[in-house]
> 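Once you've had a glance at the structure underneath, I'll fire off some questions.
The chain is numbered in sequence order, starting from 1.
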Amino acid sequence: MDKSMLSDLDGLPEEDKMRMATMVDQLQIRDSLRMYNSLVERCFTDCVDTFRRKTLDKQEESCVKRCAEKFLKHSMRVGMRFAELNQGVATPD
């Protein structure tokens, strides 16, 4: 967890700060896993048509790569936009 996030919690005891840091870390891991699972499910559903072989054919493989790249670029763009909006809302005390 980013230590600057804890700066707003200066009034809390160290034990509570550590609990908050652990909770935030767990939420970040959960969100990362959700994004990964969503990516896999979406790209597999969109790109894999048959189960003729153990491996993907060239068309399926290129579709999965394109799908994953689009998904990750979109997620990064949304994250950057969210960070920009979040910085605009933050006001110094």
> Which heavy atom in Leu72 sits nearest to a heavy atom in Met35, and how many Å separate them?
CD2-CE, 4.1 Å

> Is it true that atom CZ of Arg30 has more than 12 heavy atoms of other residues, nucleotides or ligands lying nearer than 6.0 Å?
yes

> Under 4.5 Å between any side-chain heavy atoms of Cys63 and Arg66, yes or no?
yes

> Could you check if a side-chain atom of Gln28 sits within less than 4.5 angstrom of a side-chain atom of Val24, using non-hydrogen atoms only?
yes

> Looking just at side-chain N and O atoms, do Arg53 and Thr55 make a donor-acceptor pair shorter than 3.5 Å?
no

> Any side-chain heavy-atom pair from Arg19 and Glu15 closer than 4.5 angstrom?
yes

> Return the NE2 to CG distance between His74 and Leu39, rounded to the nearest 0.5 Å.
12.0 Å

> Taking the side chain as everything from C-beta on, heavy atoms only, tell me whether Phe44 gets closer than 4.5 Å to Cys67.
no

> Between Glu60 and Thr50, is the side chain to side chain contact (heavy atoms under 4.5 Å, CB included) condition met? List the steps.
CA-CA 10 Å; Glu60 291 171 334; Thr50 62; 4.3 Å; yes

> Please name the pair of heavy atoms, one in Cys43 and one in Ala68, separated by the smallest distance, quoted to 0.1 Å.
SG-N, 3.5 Å

> If you compare all heavy atoms of Arg52 against all heavy atoms of Asp57, which two are closest, and at what distance to 0.1 Å?
NH2-OD2, 3.0 Å

> Closer than 4.0 angstrom, basic N to acidic O: yes or no for Glu61 and Lys65?
yes

> Looking at Glu84, I'd like to know if its CD atom is crowded, meaning that more than 12 non-hydrogen atoms belonging to other residues, nucleotides or ligands lie closer than 6.0 Å.
yes

